[in-house]
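Residue indices begin at 1 and follow the sequence shown. Quick caveat, the model's predicted, so the values are computed rather than measured.
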Amino acid sequence: MANEFEGSPAHSAEFFGETRDHWYTPDFLPLVASRWRLAEVSAVLDVGSGAGHWGRALGKVLPSHATVTGVDPEPLWVEKAAQGAARAGYGDRFTFREGRVEALPFADCSFDLVTCQTVLIHCQDPAAALREMIRVTRPGGRVAVAEPNNVAYPLLDPAALRLPIDDVLALVRLQLHCERGKTALGEGNVSLGELVPGLFVELGLEDVSVFQNDRTLTLLPPYRDPAQRAYVEELESGAAREHWMWSRAETERYYLAGGGDPVAFGGLWALAGARHLAMVEEIREGRYCSAGGSVMYMVCGRRGV
């Protein structure tokens with residue numbers, strides 16, 4: 001099963017499936033290690049560690065003596081992350097505990113590297129979260145994050161090149177209303193990656209660097225490699241449950257909070273669902289091909305000495 005957690009009430013459960021294990025190519029992670037100077041790291045804090053995907057990815061390129069501490073507000077993820085680390089052979093170096101990014105349960109200057117993946121996009125006050133991350137970073141240490149710009153997705157679907165322009169614009173409008181509504185409700189900004197480098201500078205981090213993850217979610221028939229199989233399973237599951245990016249109820253809540261027209265929502269939801277179902281049908285027929293572009297920024301800054 002591509003996502004054993006789907007349907008769970010725990011935060012981000014719909015996004016902690018097998019696909020997340022394929023977010024980074026094997027040759028990209030050593031490049032991250034070089035750019036972020038991970039060879040100098042002994043103590044790492046993984047903030048909002050979730051089911052442990054990001055920590056395990058970094059574990060492949062961290063020094064063998066480096067320890068990783070994961071912190072997450074959800075007891076389920078603390079348990080699952082620990083289990084995943086043990087299976088990956090990191091049980092002696094990885095530990096996990098409960099805690100929130102807004103009040104990290106660690107002393108000042110505790111870690112060489114403080115990092116997170118798709119966490120700031122869920123924070124009501126990402127600047128406050130980053131201040132806490134900086135607080136527990138040692139002088140000369142680094143804060144490094146992986147955060148996306150999700151508003152690009154409707155335009156990266158190859159169908160955007162052939163659907164009626166009004167339909168494409170309607171899907172972009174739905175995405176924008178939902179993203180702005182999520183922010184208005186204090187639940188984060190899922191395209192925050194675009195703003196993170198500016199926050200790093202504003203908060204006094206030095207030597208700020210920005211580059212992009214080079215991984216794509218390419219889909220080419222017969223969809224046999226593990227990453228493609230996992231992605232196809234997630235798409236099929238979403239179609240069966242009428243769960244696009246969010247459930248209908250959650251999508252409507254975000255849409256209305258973002259100033260969307262309540263009368264128009266039903267039609268927009270149907271349009272998004274029809275596109276999702278059409279994609280799944282094309283995959284089943286072996287006709288769907290996509291480069292699978294996405295926008296994930298890898299941002300790093302150094303705390304001053």
Quick one: pull up [atom1] in [X] and [atom2] in [Y] and give me the separation to the nearest 0.5 Å.
X      : Y      : atom1 : atom2 : result
Glu187 : Ile121 : CD    : CD1   : 12.5 Å
Arg131 : Leu199 : CZ    : CG    : 9.0 Å
Asp21  : Arg56  : CG    : CZ    : 5.5 Å
Lys182 : Thr251 : NZ    : OG1   : 11.5 Å

Flag side-chain contact, heavy atom, 4.5 Å: Arg35 against Ser209: no
Within-4.5 Å side-chain heavy-atom neighbours: Met133 and Val101: yes
Check whether [X] and [Y] end up in the same hydrophobic cluster, where Ile, Leu, Val, Met, Phe, Trp and Tyr are linked by side-chain heavy atoms less than 4.5 Å apart.
X      : Y      : result
Leu235 : Met245 : no
Val280 : Leu217 : yes
Val145 : Leu104 : yes
Leu205 : Val196 : yes
Leu268 : Leu256 : yes

[X] side chain to [Y] main-chain N or O, any donor-acceptor pair under 3.5 Å?
X      : Y      : result
Ser247 : Glu250 : yes
Arg142 : Val114 : no
Arg215 : Thr25  : no

More than 12 heavy atoms from other groups under 6.0 Å of [atom1] on [X]:
X      : atom1 : answer
Arg162 : CZ    : yes
Glu242 : CD    : no
Ile165 : CD1   : no
Glu206 : CD    : yes
Arg100 : CZ    : no

Please verify the inter-ring angle class for Phe106 with Phe111; under 30° counts as parallel, over 60° as perpendicular, anything in between as tilted. perpendicular
Relative to each other, are the rings of Trp77 and His11 parallel, tilted or perpendicular (30° and 60° limits)? perpendicular
Just to verify, what does Asp27 make a salt bridge (Lys or Arg N to Asp or Glu O under 4.0 Å) with, not counting sequence neighbours? none
I'd like to know if the side chain of [X] pairs up with that of [Y] as donor and acceptor (distance under 3.5 Å, no hydrogens or angles considered).
X     : Y      : result
His22 : Asp225 : no
Glu18 : Tyr231 : no
Arg97 : Ser49  : no

Can you check side chain to side chain contact (heavy atoms under 4.5 Å, CB included) on Met279 and Tyr288, steps first, answer last? CA-CA 7 Å; Met279 184 189 307; Tyr288 186 80; 3.6 Å; yes
Can a salt bridge be assigned to the pair [X] and [Y] using a cut-off of 4.0 Å between side-chain N and carboxylate O?
X      : Y      : value
Arg275 : Asp157 : yes
Glu14  : Arg241 : yes
Glu40  : Arg302 : no

Do Val143 and Leu130 pass the side chain to side chain contact (heavy atoms under 4.5 Å, CB included) test, and can you show the C-alpha distance, the side-chain angles, and the key distance before you say yes or no? CA-CA 9 Å; Val143 176; Leu130 278 170; 4.2 Å; yes
Nearest heavy-atom neighbours spanning Ala107 and Arg135: C-NH1, 3.7 Å
Under the side chain to side chain contact (heavy atoms under 4.5 Å, CB included) criterion, do Leu192 and Glu147 qualify, and how do the steps go? CA-CA 7 Å; Leu192 185 77; Glu147 299 288 347; 5.6 Å; no
Using the side chain to side chain contact (heavy atoms under 4.5 Å, CB included) rule, take Val208 and Cys300 through it: C-alpha gap first, then chi angles, then the decisive distance, then the call. CA-CA 6 Å; Val208 176; Cys300 184; over 6 Å; no
With sequence neighbours excluded, give me every side-chain hydrogen bond (donor to acceptor under 3.5 Å, both in side chains) pair touching residues 189-203. Asn149-Ser191, Asn149-Glu194, Glu179-Ser191, Glu194-Tyr297
Any pair counted as side-chain hydrogen bond (donor to acceptor under 3.5 Å, both in side chains), so long as it reaches residues 58-68, sequence neighbours left out: Ser42-His65
How about Tyr255 and Phe265: are their ring centres within less than 6.0 Å of each other? yes
Starting from Leu163 and following side-chain heavy-atom contacts under 4.5 Å between hydrophobic residues (I, L, V, M, F, W, Y), which residues can be reached? Val151, Leu155, Val168, Val172, Leu176
Hydrophobic cluster mates of Phe211, side-chain heavy atoms under 4.5 angstrom, ILVMFWY only, any path? Trp23, Tyr24, Phe28, Leu29, Leu31, Val32, Trp36, Leu38, Val41, Val44, Trp54, Leu58, Val61, Leu62, Val68, Val78, Tyr90, Phe94, Phe96, Leu113, Met296, Met298
List in chain and number order the residues that pass side-chain contact (heavy atoms from CB on, under 4.5 Å) with Pro197, two or more places apart in sequence or in another chain; answer none if no residue qualifies. Val210, Val299
